[in-house]
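Since the structure comes first, as structure tokens, the remarks are kept for the end.
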Amino acid sequence: RMLKKQTQCCLDIDRLNAAFLAIYESLIPPEEEKMKQELFLMSLEKLVNKEWPEARLYLYGSCANSFGVSKSDIDVCLVIEDAEINKSEVLLKLADILQSDNLQNVQALTRARVPIVKLMDPATGISCDICINNVLAVVNTKLLRDYAQIDVRLRQLAFIVKHWAKSRGVNATYQGTLSSYAYVLMCIHFLQQRRPAILPCLQEMRTTYSVTVDDIQCAYFDQVEKLRGFGSRNRETIARLVWAFFNYWAYGHDYANAVISVRTGSILSKHEKEWTRRIGNDRHLICIEDPFEISHDLGRVVDKFSIKVLREEFERAAEILQYDPNPCATLFEPY
Ligand code: GTP
Ligand code: MG
């Protein structure tokens, strides 16, 4: 009878597959949007090069890591190789230049954790944030994009998880919940852990790509076209993976001791990372190791109140997927 019950449950969950795929499809940005962004970036670069001829602009974040939904703001990084520059001065100068070029809502936020200039292009409606020399973000963007090439289920799962997190109000670091970047890392780690594995651990493989940024060596196997089909021995559907993802974070994860690590493709202990004590504002109530800045816990923003909110939301999602007659609607209900 147990077996029958389990089989029944799998069949039920797989019935949701078409609905999840439809949600995923509806969130994918159209090609045309990507083209507009690229053209806008080129025109920005031209403008910037008048002042700084050697400077380069790079897209990073969700518009470049393949986990961006339609109509997202774009994240741009201005790279100036000169070590002497003063970031605030450059940002203010940049804001001046942009303003005189008729871009709108230009604002320099020089005191933010990551200082940026914000702007909106009235011609395309594109809003963007420009930061300076944040090369690690450009490199982790490439890592995420490379993982997404290996198995389409990563992109599907991450879109659904991000959509859920935005709908439920648990995607705001300033409120103590997690960034989109953290959620994508949770998805990658989760798919590395499936048996058979759906994703490999690129940083444990032969190095084919290597850069050193701020004294951090970023190295991994980036010939991902050779890894297509890596996860094909695992036949789990997206519905099943969404169900298992929320079950893991609701009931399976050891919040007291475990650190998830995409870098090693495994679970580490808080003890070995020395993340057992609160230091300053870092509480380590949910631990997600950054793949390159390994002393960096992306869960550091979570406090004793927001951890409760997060865990209740994971449990809510798991319960809905298990028992709700119309889970696809309930799961994404605005909070
Ligand atoms: P949405 O804008 O919500 O669609 O997602 P996003 O992927 O743009 O995520 P987010 O705004 O959270 O972050 C933008 C990018 O900044 C990420 O893709 C990372 O490359 C980088 N980033 C964000 N947070 C951190 C962090 O704590 N550490 C590092 N190293 N990079 C980060
Ligand atoms: Mg973004």
Side-chain angles (χ1 to χ4, degrees), residues 24 26-29 33-34 37 40-41 57-79 109 112-120 126-148 154-188 203 211-218 220 259-263 275 280-284 286-302 310:
Y24 162 70
S26 73
L27 294 168
I28 298 177
E33 204 174 298
K34 298 268 120 190
Q37 292 173 350
F40 176 64
L41 189 75
L57 290 185
Y58 296 90
L59 286 176
Y60 73 100
S62 64
C63 57
N65 66 18
S66 67
F67 298 103
V69 303
S70 194
K71 302 191 179 66
S72 306
D73 295 355
I74 67 174
D75 300 300
V76 175
C77 176
L78 169 65
V79 176
L109 307 180
R113 190 182 62 85
V114 180
I116 52 168
V117 176
K118 293 176 106 38
L119 63 98
M120 203 274 283
I126 295 175
S127 291
C128 101
D129 293 350
I130 307 178
C131 65
I132 297 177
N133 288 354
N134 191 0
V135 180
L136 266 180
V138 177
V139 177
N140 67 37
T141 293
K142 173 175 158 59
L143 179 72
L144 267 47
R145 185 175 61 234
D146 286 337
Y147 268 114
L154 170 59
R155 198 169 177 226
Q156 294 169 341
L157 177 65
F159 268 52
I160 287 163
V161 169
K162 276 180 66 175
H163 182 51
W164 162 84
K166 285 181 206 288
S167 311
R168 300 300 302 168
V170 288
N171 181 205
T173 48
Y174 61 91
Q175 290 176 340
T177 56
L178 298 171
S179 66
S180 296
Y181 177 58
Y183 282 113
V184 175
L185 291 174
M186 287 157 78
C187 292
I188 295 173
Q203 287 170 278
V211 283
T212 305
V213 183
D214 310 335
D215 297 326
I216 298 173
Q217 209 211 341
C218 307
Y220 66 93
V259 175
I260 66 157
S261 163
V262 163
R263 171 180 62 104
W275 282 356
N281 271 332
D282 291 12
R283 293 177 179 82
H284 307 302
I286 174 171
C287 294
I288 303 159
E289 181 194 60
D290 186 89
F292 299 124
E293 283 180 279
I294 65 172
S295 64
H296 202 125
D297 176 8
L298 292 160
R300 72 194 179 286
V301 292
V302 177
L310 261 180

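Every number for a ligand or one of its atoms is a count from 1 in the order of the listing.
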Any side-chain heavy atom of [X] sitting closer than 4.5 Å to one from [Y]?
X	Y	value
Leu59	Val76	yes
Val213	Phe292	no
Leu154	Ile188	yes

Keeping [X] on the side-chain end and [Y] on the backbone end, is there a donor-acceptor pair under 3.5 Å?
X	Y	result
Arg283	Val302	no
Asp73	Ile126	no
Lys34	Cys63	yes

Exercise for review: Can you sort out the partners of Tyr24 under ring pair (Phe, Tyr, Trp, His ring centres under 6.0 Å), two or more places apart, ordered by chain and number?
Suggested key: Phe159
Check your understanding: Between the side chains of Tyr181 and Asn140, is a donor N or O closer than 3.5 angstrom to an acceptor N or O?
Key -> yes
Review point. Who are the residue neighbours of ligand 1 when the rule is a heavy atom under 4.0 Å from any of its atoms?
Key: Tyr60, Gly61, Ser62, Asn65, Asp75, Ala137, Asn140, Thr141, Lys162, Lys166, Ser179, Ser180, Tyr181, Asp290, Glu293, His296, Leu298, Arg300
Exercise for review: Just the protein N/O/S atoms under 2.8 Å from the Mg ion (ligand 2), please, no waters.
Suggested key: Asp75 OD2
**Study point:** Partner set under side-chain contact (heavy atoms from CB on, under 4.5 Å) for Glu293, not counting sequence neighbours
**Key:** Leu136, Ile216, Asp290, His296
